[in-house]
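Contents: one structure, followed by commentary.
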Number of protein chains: 2
Amino acid sequence: MTAKRSGARSKRPRPTEFQPAPEPRGEPHLSLERPLSLERPLSLERIVATAVELLDARGIDGLTMRRLADRLGSGVMSLYWHVDDKDGVFDLALDSVLEYRGSPQMNGAEDWRVEIVHMLEDWRAGMLRHPWSVPLLSSRALGPNILSRLELLGRTLSRAGVADKDLNVAIWSLWNYVMGATITRTSFDLADSDKAATQQHHAHPGERYPTIQRSRLLFDDDWVGTFRKGLDLLLAGLAPGR
Amino acid sequence: MTAKRSGARSKRPRPTEFQPAPEPRGEPHLSLERPLSLERPLSLERIVATAVELLDARGIDGLTMRRLADRLGSGVMSLYWHVDDKDGVFDLALDSVLEYRGSPQMNGAEDWRVEIVHMLEDWRAGMLRHPWSVPLLSSRALGPNILSRLELLGRTLSRAGVADKDLNVAIWSLWNYVMGATITRTSFDLADSDKAATQQHHAHPGERYPTIQRSRLLFDDDWVGTFRKGLDLLLAGLAPGR
DNA sequence: AGTCGCATGGTACATTGTACGAGTCAATTG
DNA sequence: CAATTGACTCGTACAATGTACCATGCGACT
C-alpha cells in the first residue's frame with residue numbers, strides 16, 4: 001500500500017537545525033563503499049548546497065527542480081522526499097546563506113561596537129555575495145539564523161548599556177538600516193547590468209533630477225564608506241556611552 | 001505581410017512617461033460610441049490598473065497573463081501589443097504604485113522635517129498597502145517615481161542646510177531606513193499568516209532567543225511608533241539645525 | 001522467509017509565458 | 001469607389017515548469 005507520503009514528507013530529518021540525536025532508529029547505511037548506488041546518496045545538505053550553487057550561478061529563475069536534480073545526478077522526484085516543495089528549497093537555501101559564525105576575537109569589554117559592526121557587515125556581505133537572497137528575504141518569513149542574529153544584536157546592545165525600553169528601537173533601527181542598504185545596493189547592481197531599461201533615466205538625470213545629479217548620488221560608488229558612515233551615525237545616536 | 005511585431009512592440013505609446021505630443025500620426029479612433037467592440041478598448045493604463053488590482057487581491061503569484069486578460073475581458077495575446085512581457089507588467093505596476101503626489105500644505109520655512117517625514121511615511125504606507133511591491137522593489141531597477149522621491153529627498157535636505165559632502169550619506173541613510181523598516185514589517189505579516197512554518201520558532205522564542213523574548217521584540221506591534229522614533233533619531237543625527 | 005520504512009525516480013498532467021500568424025477595422029491614399 | 005496601410009486583437013501551439021501518483025529497490029528487524 002506504499003504508505004502515504006504525506007506522513008513521510010512531514011517528517012524531515014532536520015531542517016538545518018540540529019537535534020541531540022534522539023536515537024533515530026539506527027544509523028542508515030554508512031557502510032564501507034557505496035554498494036551499487038550510482039552517486040553519493042542524496043541528502044538535505046547536498047540539496048541545499050547545490051541549490052545555493054545554482055542560485056549563485058543562474059539567479060533566482062535559474063533554480064528549477066529539474067536542473068537541481070540534474071546537478072545532483074538524481075531524479076527530479078527524489079528531491080521531494082527531502083523537501084516539501086520548491087518554496088522549501090528557497091527557505092533552506094536562504095537560511096543556509098545567512099548563518100553567522102561569530103566574530104573572531106571578541107574579547108569584549110568596550111568591543112561591543114566592533115562586534116555589532118562586524119556582525120552587520122558580515123550579514124551585508126553575505127547577502128551581497130548571494131544577491132538572490134535579498135528579494136527572497138523580503139518575501140519569506142524569518143528563519144532561525146535571522147533570529148539568531150537579532151538575538152545577538154539585542155544581547156550585545158543590552159550589554160552595552162542600552163535600556164530595555166529603548167532596546168527595540170535600537171535593534172530595529174540597525175536592522176532596518178542594513179536591510180535597506182543591502183537592497184539599495186543590489187538594485188544598483190541590477191540597474192547597471194540592464195542599462196537598456198534605465199538608460200533613459202540614468203542618461204539624463206540632470207534634467208529631471210538636478211539634485212541627484214549634483215550630488216552624484218547614483219555614481220557614488222563608495223558604498224562601503226557610505227554604509228559605515230550611516231551606521232556609525234546610527235550607533236552614536238542609539239548608544240549613550242562614548 | 002503583417003508587419004513585424006518586433007517593430008511595433010518596441011514602439012510603446014508612453015511607458016508612464018509623458019511626451020510633448022510629437023503628432024503621433026492622427027489620433028486613433030476616438031469616435032462616438034464604441035462601434036461593436038465588446039468592451040472598452042485596451043490601454044496601457046487599464047492594463048496596469050488591473051494588474052495592480054490583481055496583485056493586491058492574489059499576491060505576486062496571482063498575477064498571470066491569462067488572469068489579467070480575463071479581468072480585462074480581452075484575449076491573452078492582446079496584452080503583448082501594449083507590453084513587452086510579464087516583467088514589463090511588473091515594472092509598470094510597481095512604478096505606478098510608488099507615485100508621490102506631494103505633501104499637502106508645504107508652506108515650508110522650518111517645515112522641512114515635516115515634509116521629509118510626510119514623504120517617507122507616505123512611501124512606507126504605499127508599499128504596505130501593496131505588499132507585493134517590496135520583493136519586486138528589491139529585484140528590479142529603480143523606476144522614475146523612485147528617482148523622483150530621491151530627488152525630493154535630496155532637495156529638501158539640501159535646503160535644510162545639509163552640506164553637499166554629507167548629502168549622500170543623509171539621503172541613503174533615510175532611504176535605507178525606510179526600505180528596511182518596510183521589509184521587516186512585511187516579513188512579519190507573512191510570518192503571522194503562515195504560522196505553521198515558523199511556529200517552532202515563535203512558539204518557543206524564550207529558549208533559544210532570551211533577549212528577543214525579554215524585549216518582546218517580535219510581539220511589539222507598535223510599528224508606527226518604533227518607525228517614527230528611529231526616524232527622528234536619524235534625522236537628529238543627520239541634520240545640524242534644531 | 002516476509003514485512004516495513006526509507007529512499008529513488010519514471011510518467012503524466014495542469015499551468016504557465018509567449019512566438020507566430022491570421023484576423024478586424026479605421027484612416028489614408030490612389 | 002477600391003486598395004493599402006498600420007494600429008490593434010486574439011486563437012493556436014509549444015516548450016518549460018512544479019508536482020501528484022505510483023512502482024520499485026534496499027537494508028533491517030521479526
Side-chain angles (χ1 to χ4, degrees), chain A residues 1-13 23-32 34-44 46-47 51 54 58 60-70 72-90, chain B residues 1-14 23-44 46-47 51 54 58 60-70 72-90:
Chain A
M1 226 155 263
T2 62
K4 288 236 160 208
R5 225 56 103 270
S6 45
R9 206 185 275 136
S10 69
K11 188 246 133 204
R12 275 190 261 131
E23 187 62 31
R25 245 175 195 284
E27 309 203 351
H29 61 63
L30 74 132
S31 55
L32 325 170
R34 50 222 52 113
L36 60 137
S37 188
L38 9 124
E39 303 278 355
R40 299 138 301 186
L42 225 38
S43 73
L44 234 208
R46 247 169 47 81
I47 291 177
L54 244 178
R58 328 245 331 216
I60 217 164
D61 290 330
L63 177 63
T64 71
M65 298 305 270
R66 275 171 244 259
R67 259 205 278 269
L68 187 52
D70 270 4
L72 287 161
S74 79
V76 194
M77 292 317 289
S78 309
L79 304 177
Y80 284 86
W81 196 91
H82 301 267
V83 173
D84 279 350
D85 51 14
K86 198 190 178 185
D87 276 352
V89 179
F90 278 136
Chain B
M1 223 155 271
T2 63
K4 287 238 160 215
R5 224 55 103 270
S6 44
R9 207 186 275 136
S10 70
K11 188 246 132 204
R12 275 190 263 130
R14 61 217 139 111
E23 188 61 33
R25 246 177 194 281
E27 309 201 350
H29 63 61
L30 71 133
S31 57
L32 326 170
E33 318 85 354
R34 51 222 51 114
L36 62 135
S37 188
L38 9 124
E39 303 279 354
R40 298 137 304 184
L42 224 39
S43 74
L44 233 209
R46 251 174 35 87
I47 291 178
L54 245 178
R58 330 244 329 217
I60 217 164
D61 290 330
L63 177 63
T64 71
M65 297 307 269
R66 275 170 242 262
R67 259 204 280 268
L68 185 52
D70 270 3
L72 288 161
S74 78
V76 195
M77 293 317 288
S78 309
L79 304 177
Y80 283 87
W81 196 91
H82 302 268
V83 174
D84 279 351
D85 50 14
K86 197 189 178 185
D87 277 351
V89 179
F90 277 137

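Worth saying up front: this structure is predicted, and the values here are computed from it rather than measured. Sequence lines set the chain letters: A, B, ... in the order given, protein chains first and strands last, and positions in each chain run from 1.
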For atom [atom1] of [X] and atom [atom2] of [N], their distance in whole Å:
X	N	atom1	atom2	value
A/Leu79	D/dT19	CG	P	11 Å
B/Leu68	D/dT9	CG	C1'	15 Å
B/Ile47	D/dC10	CD1	P	11 Å
A/Met77	C/dC13	CE	P	15 Å
A/Leu72	C/dG9	CG	C1'	14 Å

Looking at every non-hydrogen atom in both residues, tell me the closest pair between [X] and [Y] and how far apart they are.
X	Y	result
A/Asp85	A/Tyr80	CA-CE2, 4.0 Å
B/Leu42	B/Ser78	CD2-CB, 3.7 Å
A/Phe90	A/Leu63	CE2-CD2, 3.6 Å
B/Ala69	B/Val76	CB-CA, 3.6 Å

TODO: Kindly say if B/His82 contacts the phosphate of D/dT9, meaning a side-chain N or O under 4.0 Å from OP1 or OP2.
DONE: yes
Task: Side-chain touch B/Val89/B/Leu79, heavy atoms, less than 4.5 angstrom - done: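 The answer is no; the side chains never approach within 4.5 Å.
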TODO: Looking only at side-chain atoms of A/Ser78, point me to the closest of C/dT8, D/dT9, C/dA19.
DONE: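 Taking heavy atoms from C-beta onward, the closest nucleotide is C/dT8.
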Task: A/Asp87: salt bridge (charged side-chain N to carboxylate O under 4.0 Å, His left out) partners, not counting sequence neighbours - done: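 Scan of A/Asp87 (salt bridge (charged side-chain N to carboxylate O under 4.0 Å, His left out), adjacent residues dropped) gives A/Arg140.
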At a cut-off of 3.5 Å, list every protein nitrogen or oxygen paired with a nitrogen or oxygen from nucleotides 13-18 of chain D, distance to 0.1 Å.
{"residue": "D/dG18", "atom": "OP1", "partner": "A/Lys86", "partner atom": "NZ", "Å": "2.5"}
{"residue": "D/dG18", "atom": "OP2", "partner": "A/Met65", "partner atom": "N", "Å": "3.0"}
{"residue": "D/dG18", "atom": "N7", "partner": "A/Arg66", "partner atom": "NH2", "Å": "2.5"}
{"residue": "D/dG18", "atom": "O6", "partner": "A/Arg66", "partner atom": "NH2", "Å": "2.8"}

